[in-house]
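The next block holds one structure in the form of C-alpha cells; read it before the comments.
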Amino acid sequence: MILITGGAGYIGSHVNKLLNKEGYETLVLDNLSKGHEESVKWGEFVNCDLGDVDALKEVFDTHDIEGVMHFAAFSSVAESVEDPEKYFKNNFENTLNLIHVMKEHRVFKIIFSSTAAVYGIPEELPITESSFLKPINPYGESKIMVENFLSDEAEFTPLKYVSLRYFNAAGADFDCEIGENHNPESHLIPLVLDAALGIRESISIFGDDYDTKDGTCVRDYIHVNDLADAHIKAYQYLEKDGSHSDVFNLGNGTGYSVKEVIDVCKKVTGVDFEVKTEGRREGDPDFLIANADKAEEILNWTPKYDLTKIVESAWAWHKKLKGKDE
C-alpha cells in the first residue's frame, strides 16, 4: 500500500487515480485544508493532519504501508511571503513528523513533491538539476529545507527518496473526474478560462517589457497526468535493487509566454475576452524552462502532452467545475 499525503489536492489526486489504474493499493491522507474529499475517488481516505503525530502513528499502525508519496504542503508564493512561519511549520516541520513516523515503522521509500521555485531566478537556461539553488521566497526555501533533510537522512539511514522538482503543473484528468480547483485560484490557465466563461471580466498580464520574444514571461507548462506518470516511474525506480536517492526536474522543456497561453486558450475555447496589461510583479524571472533529460534517461519518462492538450483538458474540466458544461 502506498500512502499519499495531500492526496485530496490537485496533483495528489491525479497521482492517486493513476496508481490505482496501475494496480497499486493506495491510502490517501489529507486534512482537507486545501484538498477536496470528493477528489478521492480511489483507494481509502483518512482525514489526518501531519502535525498530529499520534494520529499519524495510528495510520501507520493500522495499515501495511510500503512507501509514501508526499504532496501535503502549502504552495502559494504570495502567502508564504505574508506568513513564512505557516509555511516552514507545515512544509518542513510536518515533513519531519512524517519521516520520523515512517522510520519508526520501517518504511524507507518516499517520493517528495518539490518545485522549480528552489532555483529562484535562474542564472542559466534551460535549468538542470545541478543549476544553482537560490529560492527567493519562503515557499521555495521550505522545499529546499526538506530536500536537504532528505539528503542527510538518505546518507545516514536506510531511507531512499526521489525529489521531483516540477515546473508549472496544468491541465486536468481527461475523463473529467478530477481537476484543478484551488480557492483562491492563482494559476494562469484556470484564471484565463474564467475569463472565457465570463466569470472574470478580463485577464491581466503582469508586465509586457520582459526580455522575451513578445515581452511577457515564459514558463514551462507540464500536464498533471505527465507529472503523475513521473511519480509512478520514480517509485518503481526506488523499488529496484541498487537504486539510490536522486533529484529530477519535470517539465516539457518548451517555454510558452503568457500571451501564447492566452492565445491558445482563446483558440481552444473559441471565446475572445479582454486582456489588460499591468505592471510587473516583483520576483518574476523572464524565463523558467526545465531541462528534464535526466528524468528521461534514468526514469524513462517523457512528457506526452503539449500546451494545446493541456488547455483542452483544463477547459473540459473547468466547464464542468463551474457548471457550464454543455
Practice problem: Decide whether Asn249 and Tyr119 meet the rule of one side-chain donor and one side-chain acceptor closer than 3.5 Å. | Solution: yes
Exercise. Answer whether the closest heavy-atom distance between the side chains of Phe60 and Glu104 falls below 4.5 Å.
Key: no
Quiz prompt | Residues Lys41 and Glu177 bridged, charged N to O under 4.0 Å | solution = no
Exercise. Please report the shortest heavy-atom distance between Thr216 and Ser257, naming the atom on each side.
Key: OG1-CB, 3.2 Å
Quiz item: Which distance, rounded to the nearest 0.5 Å, do you find between the CD of Glu58 and the SG of Cys48?
Solution: 8.5 Å
Practice problem: Give the minimum heavy-atom separation between Ala170 and Ile310, together with the two atoms involved. | Solution: CB-CG2, 3.5 Å
Practice problem: Check the pair Lys57 / Asp61 against salt bridge (Lys or Arg N to Asp or Glu O under 4.0 Å), numbers first and verdict last. | Solution: CA-CA 6 Å; Lys57 287 181 178 180; Asp61 285 341; over 6 Å; no
Quiz item: In terms of heavy-atom contacts, does CD of Glu274 have more than 12 from other residues, nucleotides or ligands at under 6.0 Å?
Solution: yes
Exercise. Mark yes or no for whether Lys276, through its side chain, and Ser202, through its backbone, hold a donor-acceptor pair below 3.5 Å.
Key: no
Quiz item: Has the side chain of His36 got a donor or acceptor atom that lies under 3.5 Å from a matching backbone atom of Asn181?
Solution: yes
Quiz item: Does a side-chain N-to-carboxylate-O contact under 4.0 Å join Glu312 and Lys309?
Solution: yes
Self-check item: Side chain proximity check, Asn148 to Phe92, heavy atoms < 4.5 angstrom
Solution: no
Exercise. Output, in order, the C-alpha distance, side-chain angles, deciding distance and verdict of side chain to side chain donor-acceptor pair (under 3.5 Å) for Asn225 and Asp229.
Key: CA-CA 6 Å; Asn225 279 0; Asp229 179 50; over 6 Å; no
Quiz item: About how many Å separate OG1 of Thr254 and CD1 of Ile289, when rounded to the nearest 0.5 Å?
Solution: 8.0 Å
Quiz item: Between Phe74 and Ser33, is a side-chain contact (heavy atoms from CB on, under 4.5 Å) present by the stated rule, with each step listed?
Solution: CA-CA 9 Å; Phe74 297 143; Ser33 63; 3.9 Å; yes
Quiz item: Does any non-hydrogen side-chain atom of Ser151 lie less than 4.5 Å from one of Tyr161?
Solution: yes
Practice problem: From the options Glu141, Glu79, Lys143, select the one residue that forms a side chain to side chain donor-acceptor pair (under 3.5 Å) with Tyr87. | Solution: Glu79
Quiz item: Does any non-hydrogen side-chain atom of Lys160 lie less than 4.5 Å from one of Ser243?
Solution: yes
Quiz item: Under 4.0 Å between a Lys/Arg side-chain N and an Asp/Glu carboxylate O for Lys259 and Asp208?
Solution: no
Quiz item: Would you find a donor on one side and an acceptor on the other, under 3.5 Å apart, between the side chain of Asp226 and the backbone of Lys304?
Solution: yes
Exercise. Could you tell me the separation between the CG atom of Leu27 and the CD atom of Glu66, rounded to the nearest 0.5 Å?
Key: 12.0 Å
Quiz prompt | Side-chain touch Leu98/Ile110, heavy atoms, less than 4.5 angstrom | solution = yes
Quiz item: At what distance, to the nearest 0.5 angstrom, does CD1 of Ile189 lie from CD1 of Ile203?
Solution: 11.0 Å
Practice problem: Without swapping roles, check the side chain of Asp286 against the backbone of Tyr210 for a donor-acceptor pair under 3.5 Å. | Solution: no
Self-check item: Nearest-0.5 Å distance that lies between atom CG in Asp293 and atom CD in Glu129
Solution: 8.5 Å
Quiz item: Is it true that atom CD of Glu201 has more than 12 heavy atoms of other residues, nucleotides or ligands lying nearer than 6.0 Å?
Solution: no
Quiz item: Given side chains that start at C-beta, do those of Ser114 and Leu164 come closer than 4.5 Å, heavy atoms only?
Solution: no
Quiz item: Below 4.0 angstrom, N of the basic side chain to O of the carboxylate: do Lys294 and Asp246 qualify?
Solution: yes
Quiz prompt | Side chain Asn97, main chain Leu50, donor-acceptor under 3.5 Å | solution = yes
Exercise. May I ask you to decide whether Glu123 forms a salt bridge with Lys134, counting only side-chain N to carboxylate O separations under 4.0 Å?
Key: no
Quiz prompt | Any donor-acceptor N/O pair, Asp220 side chain to Ala290 backbone, under 3.5 Å | solution = yes
Quiz prompt | Gap between atom OG1 of Thr157 and atom NZ of Lys103 - 0.5 Å precision | solution = 5.0 Å
Self-check item: Test of ring centre spacing under 6.0 Å for Phe174 and His223
Solution: yes
Exercise. Verify, without hydrogens or angle tests, whether Glu180 (side chain) and Ala172 (backbone) share a donor-acceptor contact under 3.5 angstrom.
Key: no
Practice problem: Ignoring hydrogens and angles, tell me if any N or O in the side chain of Ser80 forms a donor-acceptor pair with the backbone of Tyr139 under 3.5 Å. | Solution: yes
Exercise. Tell me, with the steps shown, if Leu193 and Lys319 meet side-chain contact (heavy atoms from CB on, under 4.5 Å).
Key: CA-CA 9 Å; Leu193 296 181; Lys319 288 188 291 183; over 6 Å; no
Quiz item: Please walk me through it: do Phe273 and Ile262 pass side-chain contact (heavy atoms from CB on, under 4.5 Å)?
Solution: CA-CA 10 Å; Phe273 45 83; Ile262 291 172; 3.9 Å; yes
Quiz item: Mind checking whether Met1 and Ile232 sit in one hydrophobic cluster, side chains of I, L, V, M, F, W, Y counted as touching below 4.5 Å?
Solution: no
Quiz item: Is Arg280 close to Asp209 at the side-chain level, that is, under 4.5 Å between some pair of heavy atoms?
Solution: yes
Self-check item: Flag side-chain contact, heavy atom, 4.5 Å: His105 against Ile65
Solution: no
Exercise. Identify the heavy atoms of Asp173 and His14 that sit nearest to each other, and give their distance.
Key: N-NE2, 3.1 Å
Quiz item: So, do Tyr235 and His231 have ring centers that fall under 6.0 Å from each other?
Solution: no
